Amino acid sequence: MYVGALTLDILLGEVHSLKEKRSVIRPLVAEVKRRFPAVAVAETGHQELHRRAEIGIAVVSGSAVNCGEVLDACERVIAFHPEIELLSARHRLFNDEE
């Protein structure tokens with residue numbers, strides 16, 4: 001069994017309040033959930049900052065290759081949104097022997 005984790009650090013464009021931030025982040029999270037129902041996704045950091053966000057995504061699979069492919073696809077979904085800038089993406093892979 002493998003668990004893949006992806007942490008995305010995001011810079012938001014013309015956002016001036018936490019309310020505006022939520023109006024950008026919620027649709028991103030919902031889109032990932034809709035396209036990939038087997039992954040867990042949530043805003044996991046920078047919650048007090050209105051122009052930054054951290055999104056965490058996790059997937060469990062029987063193969064390391066599948067974990068990587070799913071996380072890469074999730075990263076592409078987020079990265080292609082014009083209203084955000086993806087600052088960094090951190091991939092981690094854990095197996096049942098760790």
Side-chain angles (χ1 to χ4, degrees):
M1 176 179 74
Y2 294 89
V3 177
L6 172 64
T7 305
L8 301 170
D9 190 12
I10 296 171
L11 178 65
L12 304 172
E14 293 298 318
V15 174
H16 303 289
S17 69
L18 292 175
K19 186 175 181 179
E20 288 180 19
K21 175 185 178 178
R22 284 191 305 271
S23 72
V24 174
I25 295 300
R26 280 186 184 167
L28 290 175
V29 169
E31 182 177 357
V32 172
K33 286 181 181 179
R34 183 180 51 80
R35 288 188 181 201
F36 305 96
V39 304
V41 58
E43 183 181 2
T44 56
H46 304 305
Q47 293 167 337
E48 71 286 352
L49 302 174
H50 68 274
R51 291 207 58 223
R52 293 282 298 275
E54 180 183 270
I55 295 178
I57 301 172
V59 62
V60 177
S61 178
S63 75
V65 172
N66 187 51
C67 275
E69 289 172 352
V70 171
L71 294 178
D72 287 343
C74 290
E75 181 181 346
R76 283 192 300 274
V77 166
I78 299 285
F80 287 126
H81 281 268
E83 67 272 14
I84 63 121
E85 180 182 345
L86 184 60
L87 298 175
S88 68
R90 181 175 174 207
H91 291 253
R92 289 173 288 168
L93 186 65
F94 307 94
N95 63 23
D96 56 353
E97 296 175 7
E98 291 181 2

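Just so you know, these numbers come straight off a predicted model, no measurement behind them.
The side-chain hydrogen bond (donor to acceptor under 3.5 Å, both in side chains) search around T7 returns R92, not counting sequence neighbours. Residues satisfying the salt bridge (Lys or Arg N to Asp or Glu O under 4.0 Å) test with E54, not counting sequence neighbours, are none. Applying the side chain to side chain contact (heavy atoms under 4.5 Å, CB included) rule to L86 yields the partners L8, I10, E75, A79; only residues at least two apart in sequence or on another chain are considered. When the side chain to side chain contact (heavy atoms under 4.5 Å, CB included) test is applied to A30, no partner is found at least two apart in sequence or on another chain. Residues forming a side chain to side chain contact (heavy atoms under 4.5 Å, CB included) with E83 (at least two apart in sequence, or on another chain): V24, L28, H81. With sequence neighbours excluded, the residues that form a side chain to side chain contact (heavy atoms under 4.5 Å, CB included) with R52 are D9, L11, H46, L49, L87.
Under the 4.5 Å side-chain heavy-atom criterion for ILVMFWY residues, a single connected hydrophobic cluster contains both I57 and V29.
Counting only heavy atoms from C-beta outward, the side chains of F36 and V77 approach each other to under 4.5 Å. Under the 4.5 Å side-chain criterion, counting only non-hydrogen atoms from C-beta, Y2 is not in contact with V60.
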>> With side chain to side chain contact (heavy atoms under 4.5 Å, CB included) as the criterion, how do L12 and I25 come out once you've worked through the C-alpha distance, each side chain's angles and the decisive distance to 0.1 Å?
In response: CA-CA 9 Å; L12 304 172; I25 295 300; 4.0 Å; yes
> Going through the checks in order, is the side chain to side chain contact (heavy atoms under 4.5 Å, CB included) test met by I55 and V41?
Replying inline: CA-CA 7 Å; I55 295 178; V41 58; 3.7 Å; yes
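Atom NE2 of H16 sits about 7.5 Å away from atom NE2 of H50, to the nearest 0.5 Å. Taken to the nearest 0.5 Å, the CZ atom of R51 stands 13.0 Å off from the CG atom of L18.
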Kindly list each side-chain donor-acceptor pair under 3.5 angstrom involving residues 63-72, sequence neighbours excluded, with atom names and distances?
residue, atom, partner, partner atom, Å
S63, OG, N66, N, 3.1
N66, ND2, S61, OG, 2.9

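Around atom CD of E48, more than 12 heavy atoms belonging to other residues, nucleotides or ligands sit under 6.0 Å away.
For residues 25-42, the set of pairs meeting the salt bridge (charged side-chain N to carboxylate O under 4.0 Å, His left out) definition, not counting sequence neighbours, comprises E31-R35.
Looking only at distances, no side-chain donor or acceptor of R90 sits under 3.5 Å from a matching main-chain atom of L6.
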